[in-house]
Amino acid sequence: MQAAANAVQDYMGPVPIDQNAKPEYKHRPDGSTMKALAWFGNEDVRMVDAPIPDISEAKDVILKVTGTTICGSDLHLYHAEMLGLQKGDILGHEFMGVVDKVGPEVTSLAPGDKVVVSFQVACGTCRYCKKNFSSMCDRTNNSSLMASMYGQRDAGFFGYGHMTGGVPGGQAEYVRVPFGEVNCLKVPPGVSDEQVLYLSDVLPTSYHAVVDTRVEEGDIVGIWGLGPIGLACVKWALLKGASKVYAIDAQPARLAAAAALGNVVTVDFKNEDVSKKIHGEVPGGLDVCIDATSFHEPKTMLHKVEKALMLETDVSETPNEMIWLVKKFGRVGLIGAYSGYTNHFNIGALMEKGVRFIGNGQAPVHLYWHEILNDYILTGKFDVRMLVSHRVAIEDFPKLYNKFDKRFAGVEKVFVQTKFSEPPGQGFPQLTKVDDWANKVL
């Protein structure tokens, strides 16, 4: 599949983009190398020695990475389900660091500044960037394959393959940030790395899902999937005034974490009939449903077979369940990553019930990160510690992918440190090795 996708993209050729956004980077003249996590195939990620990036374009910023992590959507790459992956691609789209070098046109950042980086590469000047819709930048993703599949292109994303521009990612000791002044948020003094790292993706993404799907005061909300995005969605929904949240998952640790957040009813979909339970308790339907799940784990045999035979790429089970359970003229949002085509979608119920079915899209990080930092993190309204379960060293990345995929030891967000990292912040996990907790399945 990857070979075919790459061949199609090579045949069509790249879409022209801004020179400053080109994914290729210069190497340090002295030939120095860094540790980085690279993709080589299905469930095959490896630590490699890669060239350290140097200033390649005038607007570049080079970071020493002080913190990175795995996102649930990285598992789509781990399982080779996203198109446009090439062997040796450096992964990772959630990271932060200390500025090491800046290009000649960078004036607001200097070596030594601590910054967090948005997972998307935005130019700052196109029609979308002017509205802070950074994930939809017109000038940073050269993928003709995405343009042909979707009609338009997202922004370039760090470490997410060539469908999103082929930009090397941040699961590494150094990273080049194109348009560095646009895509780096300076961190205020006295704030730990763990408190702000997740402004790169998980916090703005979950916040966007709740805001974009319009959770309002008094709403009864259902959230499917309690990974870090879903768990954060539960918290955001309650902060926005939801009267009750139904939180659906099958992992005991995740269900317990959601239940601890407030007026939350947990539903274990492996042991309970989700539709029967929620419909019995809320017969008029939920006001809002949010899908924070994954397309790569079909539940029914029909979709397992169709997916195995490549008759569909994504499954419609969760969207259909939400459409059935939402009230008439209710809102359904998709923040879980979907990539292609699905079968058996209940389009009739969507139309007849007047459901507002919202593809939330890749979250525009720049639209929200100042608000989340200033109004929620610095004030303590959103305690990031609820999301962070472990801390490991960068050398443990391959093992971490395997255990994160299998949800070992109640793993949620993991802070991955490098040789440049600060000590753990107050109340955050201490450094462990994956082997220390690899056999604990919760």
Side-chain angles (χ1 to χ4, degrees), residues 53 59-71 92-103 106-122 124 132 134-135 157-159 169-208 228 232 236 363-388 391 394 413-431:
K59 299 176 187 285
D60 283 355
V61 168
I62 307 298
L63 292 189
K64 295 177 180 177
V65 175
T66 59
T68 183
T69 188
I70 296 179
C71 177
H93 60 270
E94 292 185 87
F95 58 94
M96 65 174 298
V98 174
V99 175
D100 183 47
K101 290 185 175 185
V102 298
V106 175
T107 60
S108 63
L109 294 173
D113 286 342
K114 184 158 90 169
V115 300
V116 62
V117 181
S118 63
F119 75 86
Q120 55 235 209
V121 180
N132 277 331
S134 48
S135 56
F157 298 158
F158 288 99
Q171 291 174 356
E173 292 179 317
Y174 290 82
V175 67
R176 168 188 170 240
V177 182
F179 296 105
E181 288 183 299
V182 176
N183 298 298
C184 293
L185 176 67
K186 196 179 291 188
V187 176
V191 179
S192 72
D193 285 1
E194 295 99 328
Q195 286 178 285
V196 292
L197 168 60
Y198 308 103
L199 285 167
S200 57
D201 180 0
V202 62
L203 294 179
T205 294
S206 53
Y207 190 68
H208 174 63
W236 290 127
V365 170
H366 298 188
L367 187 63
Y368 302 114
W369 59 0
H370 290 282
E371 177 187 356
I372 295 171
L373 174 63
N374 294 317
D375 295 352
Y376 291 98
I377 294 177
L378 296 182
T379 62
K381 290 180 182 178
F382 193 108
D383 187 348
V384 181
R385 289 175 295 183
M386 62 173 268
L387 296 176
V388 187
R391 181 186 182 109
I394 192 171
K413 291 304 282 188
V414 178
F415 186 92
V416 180
Q417 70 175 39
T418 75
K419 62 184 179 182
F420 304 118
S421 298
E422 299 174 351
Q426 185 177 3
F428 286 97
Q430 298 295 305
L431 179 67

One should read off an interatomic distance between Arg176 CZ and Lys101 NZ, to the nearest 0.5 angstrom, of 13.5 Å
Could you tell me whether the side chain of Asn183 and the main chain of Pro178 form a donor-acceptor pair under 3.5 Å? yes
Drop me the distance from Leu203's CG to Leu373's CG, to the nearest 0.5 angstrom. 10.0 Å
Has the side chain of Gln417 got a donor or acceptor atom that lies under 3.5 Å from a matching backbone atom of Ile394? no
Find out whether Phe119 and Thr205 are in side-chain contact, i.e. whether some heavy atom of one side chain is under 4.5 Å from a heavy atom of the other. yes
Verdict with reasoning, Lys186 to Leu109, per side chain to side chain contact (heavy atoms under 4.5 Å, CB included): CA-CA 8 Å; Lys186 196 179 291 188; Leu109 294 173; 3.8 Å; yes
Side-chain donor or acceptor of Asp60 paired with backbone N/O of Gly103 under 3.5 Å: no
Check whether any side-chain heavy atom of Ile62 sits under 4.5 Å from a side-chain heavy atom of Val175, and report yes or no. no
Checking Glu194 against Val384 for the side chain to side chain contact (heavy atoms under 4.5 Å, CB included) test, could you report, in this order, the C-alpha distance in whole Å, the side-chain angles of both residues, the deciding distance, and whether it holds? CA-CA 8 Å; Glu194 295 99 328; Val384 181; 5.8 Å; no
So Phe428 and Arg391, do their side chains get closer than 4.5 Å, heavy atoms only? no
Taking Thr66 for its side chain and Phe420 for its backbone only, find out whether a donor-acceptor pair lies under 3.5 Å. no
Hey, are the side chains of Ile372 and Trp236 touching, using non-hydrogen atoms and a 4.5 Å cut-off? yes
Test Glu173 against Thr418 for side chain to side chain donor-acceptor pair (under 3.5 Å), laying out the working first. CA-CA 6 Å; Glu173 292 179 317; Thr418 75; 5.9 Å; no
Over all atoms of both residues, closest heavy-atom pair of Ala363 and Gln120: O-NE2, 3.1 Å
With side chains defined as the heavy atoms from C-beta onward, is the minimum distance between Leu367 and Tyr207 less than 4.5 Å? no
Would you please indicate if the ring centroids of Phe95 and Phe158 are separated by under 6.0 Å? yes
As an exercise, state the distance from OG of Ser421 to CG of Leu431, rounded to the nearest 0.5 Å. 9.5 Å
Mind listing the closest non-hydrogen atom pair of Trp369 and Cys184 along with its distance? CH2-C, 4.0 Å
Can you find a heavy atom in the side chain of His208 that is under 4.5 Å from one in the side chain of Pro364? yes
Tell me the closest heavy-atom pair linking Pro204 and Leu199, and the distance in Å. CG-O, 3.2 Å
Hey, does Pro429 have a side-chain heavy atom less than 4.5 Å from the side chain of Val388? yes
Taking Ser118 for its side chain and Val365 for its backbone only, find out whether a donor-acceptor pair lies under 3.5 Å. no
Any donor-acceptor pair under 3.5 Å linking the side-chain atoms of Glu94 with those of Thr69? no
Do any N or O atoms from the side chain of Glu181 and from the backbone of Lys59 form a donor-acceptor pair under 3.5 angstrom? no
Quick one: closest heavy-atom pair of Asp100 and Lys64, and the distance? OD1-CE, 3.2 Å
To check you understand the geometry: which heavy-atom pair defines the closest contact between Leu63 and Met96, and what is its length? CD1-C, 4.3 Å
Here's a test for you: under side-chain contact (heavy atoms from CB on, under 4.5 Å), which of Leu197, Ile70, Thr68, Val65 qualifies with Val416? Thr68
Does Val191 offer a backbone N or O that forms a donor-acceptor pair with the side chain of Lys114 under 3.5 Å? yes
What closest approach, in Å, do Gly425 and Ser192 show between heavy atoms, and which atom pair accounts for it? CA-CB, 3.9 Å
